[in-house]
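Quick notes on the structure that follows.
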Amino acid sequence: MSEEHFKNVISHCKEYGFVFPSSEIYDGLAAVYDYGQNGVELKKNIREYWWKSMVQLHENIVGIDASIFMAPKVWKASGHVDGFSDPMIDNKDSKKRYRADVLIEEYQEKYRVKNQKEIDKAKARFGDTFDEAQFVATNPNIARNNATIAEIDVKLKEGLESGELDKVRDLILELGIACPVSGSKNWTDVRQFNLMYSTQMSATDGESQIYLRPETAQGIFVNYLNVQKTGRMKIPFGIAQTGKAFRNEIVARQFIMRMKEFEQMEMQFFVRPGTEMEWYAYWKEHRLKWHKNLGTDAGKYRYHDHVKLAHYANAAVDIEYDFPFGFKEVEGIHSRTDFDLKQHEEFTGKKLQYFDNETNESYVPYVVETSIGLDRMFLVLMSNSLQEEDLGEGNSRTLLKLPAALAPYQCAILPLTKKDGLPEIAKKIMKDLSLEFNCFYEEKDAIGKRYRRQDAIGTPICITVDHDSLTDNSVTLRFRDSMEQRRVAIAELEHIISQEVSMKTLLKGLL
Ligand code: ATP
């Protein structure tokens, strides 16, 4: 995928009512976006797929909905007031600001791309007999590139973990990294920049500074005991939540990839200390399965182990997707130890322990979390689904090949003409199917044109009511991907649509 494709995704999102710049008539607000009439449906469906797979399909996971505002001390305890910052660096010539660690990671990525090219070349040469694992283990160029990546990892980690940020700057200079805008290597020092937004809780008391939550996780930690006791939850169990989070991102760009206001879908899984690595492995695998179940190319996803562990983690991995601008994180799986609950115990003086009937002991549970950005997942699906399909003889169509159950509309109901009683039949079908599915209704324009419009917003099935429907009580189904047309009885519609496009069908792939 290319930058060109990314531009197409952004303009498609705008043109077809998926995503608009926020406050656009005021020239927009940097790194803030609004979801339009189709975007809100896709977003809701992704959220539902996540919620059902996490909560409904796991008997030991329940959900909550915590507030965005929390007692300010929560963020002191969690480490966000003192530690939730990014190392930033400015280029003196372009005056552009960058995350120092990201500049270095992007430099490393070039070596990974080189490796992939070696692999692709060899694959093409050796064909079916190609043994990728053996090739990767023995090829000297790949070994050299990997050594370079590893060496940089060590130095970056050293600088970030020790807090000696001049080491990070030295590394940028040593690698000869230039500003992508000015092309110069004229860099400032590296400084830490806190990402939390704050405001005042009360209009009269200037002292009461309060934060907009930068992650949803803390709402779960502070409610852990409430849920455990009232829900009579037995370890291991999980608490899931979706909701808005806010970060004053230094470099907010790449469309909805990195926003200042975004939505997270998080699940904290509470486990017996000592079992966290088993659960970490479980969730690592389970979450990738969730992504692949959407039909995306397996090669588009990869795991990326964290070099620098956050202050709360003893293991962490990202699930990355090959966006048009390269592999980037969509989801993180973190083994957070008992850090957060212990901190809240310390700051509140309240016990947050669990009594384990099986071992007859009390302990502060360990936590494994899965944390995915809903907006990033939206971008994964848009990038992966949008294509221009060549239909031969100079014709092509714009196709949004979304997973059927997640599409804004599951079906479109299209009477061939506006008269002769066809709209009446179509409206009746609409009334019945709307109880279960989001259905689009349209009478205007030639049928071919209407099909194309549905292709572009990802509607998997069109139902066409024609003159024969008046006598044979049947309609034509037209499938988005194959463009195949099939005649079916109206009485069977609900069953067929359900088989093809329901959330149930999608969820079955996870079992
Ligand atoms: P990054 O390294 O890309 O800044 P992160 O490691 O800070 O991400 P987490 O704190 O692990 O991200 O947050 C969990 C998920 O929330 C991420 O995997 C991502 O999908 C999403 N997310 C984080 N920050 C943003 C943002 N500014 N805009 C959109 N989504 C975000």
Side-chain angles (χ1 to χ4, degrees), residues 19 22 29-35 39 43 46-47 50 75 78-80 83-88 98-106 108-109 156 160 192-197 212-220 240-268 280 283-284 287-288 290-291 301-313 315-321 323 325-336 339-340 367-383:
V19 181
S22 163
L29 183 64
V32 186
Y33 291 90
D34 297 341
Y35 287 85
K43 198 176 169 200
I46 301 171
R47 195 190 292 114
W50 183 86
W75 304 109
S78 67
H80 283 81
F84 190 54
S85 49
D86 280 339
M88 64 174 194
Y98 300 92
R99 262 177 66 176
D101 55 335
V102 171
L103 281 179
I104 293 168
E105 280 162 11
E106 280 173 358
Q108 288 175 303
E109 185 61 24
L156 176 61
L160 293 176
Q192 291 290 1
F193 179 84
N194 195 292
L195 301 180
M196 277 199 296
Y197 282 106
L212 297 187
R213 69 179 175 197
E215 62 173 25
T216 53
Q218 296 305 323
I220 289 179
Q241 173 171 223
T242 69
K244 285 278 173 96
F246 303 81
R247 294 183 187 178
N248 195 356
E249 297 281 1
I250 300 167
V251 189
R253 57 192 157 109
Q254 291 170 329
F255 193 39
I256 55 173
M257 180 73 195
R258 187 173 297 287
M259 297 193 290
K260 299 197 178 224
E261 173 182 343
F262 59 100
E263 189 165 338
Q264 288 188 314
M265 306 191 286
E266 294 200 299
M267 192 279 300
Q268 271 68 36
Y280 175 70
W283 284 111
K284 185 173 161 178
R287 291 304 306 152
L288 189 59
W290 182 91
H291 286 271
Y301 278 107
R302 75 177 185 198
Y303 290 122
H304 176 76
D305 288 307
H306 280 209
V307 181
K308 180 193 175 240
L309 289 176
H311 56 276
Y312 51 73
V317 65
D318 292 338
I319 294 178
E320 294 188 336
Y321 174 77
F323 285 99
F325 37 83
F327 273 99
K328 291 276 182 264
E329 168 180 351
V330 187
E331 171 157 9
I333 292 112
H334 312 127
S335 173
R336 278 179 95 127
F339 174 84
D340 301 86
V367 171
V368 176
E369 82 174 357
T370 70
S371 174
I372 173 172
L374 177 47
D375 313 271
R376 274 195 202 175
M377 194 57 216
F378 188 103
L379 189 55
V380 166
L381 288 170
M382 290 304 289
S383 314

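Residues: numbered from 1 along the sequence shown. Atoms considered below: every heavy atom in the structure, side chains included; atoms not considered: hydrogens, waters and symmetry mates. Each ligand, and each atom within it, is numbered from 1 in the order the structure gives.
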Inset, instruction - Looking only at distances, please establish whether an N/O atom of ligand 1 is found under 3.5 Å from an N/O atom of Ile256. - result: no
Legend entry - Under 4.0 Å to a heavy atom of Ser371 - the qualifying atoms of ligand 1, by number: 13 (O), 14 (C), 15 (C), 18 (O)
Inset, instruction - Using distance alone, decide if ligand 1 has a nitrogen or oxygen within less than 3.5 Å of any nitrogen or oxygen in Arg258. - result: yes
Legend entry - Heavy-atom nearest neighbour in the protein, as seen from atom 21 (C) of ligand 1, with distance rounded to 0.1 Å: Gly373 CA, 3.6 Å
Inset, instruction - Measure the distance from atom 20 (O) of ligand 1 to every protein heavy atom, then report the residue, atom name and distance (to 0.1 Å) of the closest one. - result: Val330 O, 2.7 Å
Inset, instruction - Using a 4.0 Å heavy-atom cut-off, say whether Asp318 meets ligand 1 through its side chain, its backbone, both or neither. - result: neither
Inset, instruction - Check the side chains of Tyr33 and Asp375 for a donor-acceptor pair under 3.5 angstrom, ignoring hydrogens and angles. - result: no
Inset, instruction - Would you check whether Phe262 has a nitrogen or oxygen atom less than 3.5 angstrom from a nitrogen or oxygen atom of ligand 1? - result: no
Inset, instruction - Flag the pair Arg47 and Glu263 as a salt bridge only when some basic side-chain nitrogen lies within less than 4.0 angstrom of an acidic carboxylate oxygen. - result: yes
Legend entry - Charged tip of Arg302 within 45° of Phe327 ring normal and under 6.0 Å: yes
Legend entry - Numbered atoms of ligand 1 (with element) below 4.0 Å of Glu331, judged on heavy atoms: 18 (O)
Inset, instruction - Would you mind finding which of Arg247, Lys260, Glu266 brings a heavy atom closest to atom 9 (P) of ligand 1? - result: Arg247
Inset, instruction - Decide whether an N or O pair under 3.5 Å exists between Ile372 and ligand 1. - result: no
Inset, instruction - Measure the distance from atom 2 (O) of ligand 1 to every protein heavy atom, then report the residue, atom name and distance (to 0.1 Å) of the closest one. - result: Glu329 OE1, 3.6 Å
Legend entry - Lys/Arg cation over aromatic Trp283: Arg287, 6.0 Å, 45° cone: no
Inset, instruction - Select the closest option to atom 29 (C) of ligand 1 among Glu263, His306, Met257, judged by heavy-atom distance. - result: Met257
Legend entry - Under 4.0 Å to a heavy atom of Arg99 - the qualifying atoms of ligand 1, by number: 4 (O)
Inset, instruction - Flag the pair Arg247 and Glu215 as a salt bridge only when some basic side-chain nitrogen lies within less than 4.0 angstrom of an acidic carboxylate oxygen. - result: no
Inset, instruction - Please confirm whether Arg376 comes within less than 3.5 Å of ligand 1 when only nitrogen or oxygen atoms on both sides are compared. - result: yes
Legend entry - Which residue and heavy atom of the protein sit nearest atom 16 (O) of ligand 1, plus the separation: Gln264 NE2, 3.4 Å
Legend entry - For Met259, atoms of ligand 1 separated by under 4.0 Å from a heavy atom: 26 (C), 27 (N), 28 (N), 29 (C)
Inset, instruction - For His80 and Gln218, test the side chains for any donor-to-acceptor distance below 3.5 angstrom and give the result as yes or no. - result: no
Inset, instruction - Could you tell me whether Arg258 and Glu249 have a side-chain N and a carboxylate O separated by less than 4.0 Å? - result: yes
Legend entry - Ion pair check, Lys328 and Glu320, cut-off under 4.0 Å: no
Legend entry - Carboxylate-amine/guanidinium contact Arg336 Glu266, below 4.0 Å: no
Legend entry - Thr216 to Lys244 - nearest heavy-atom pair and separation: CG2-O, 4.0 Å
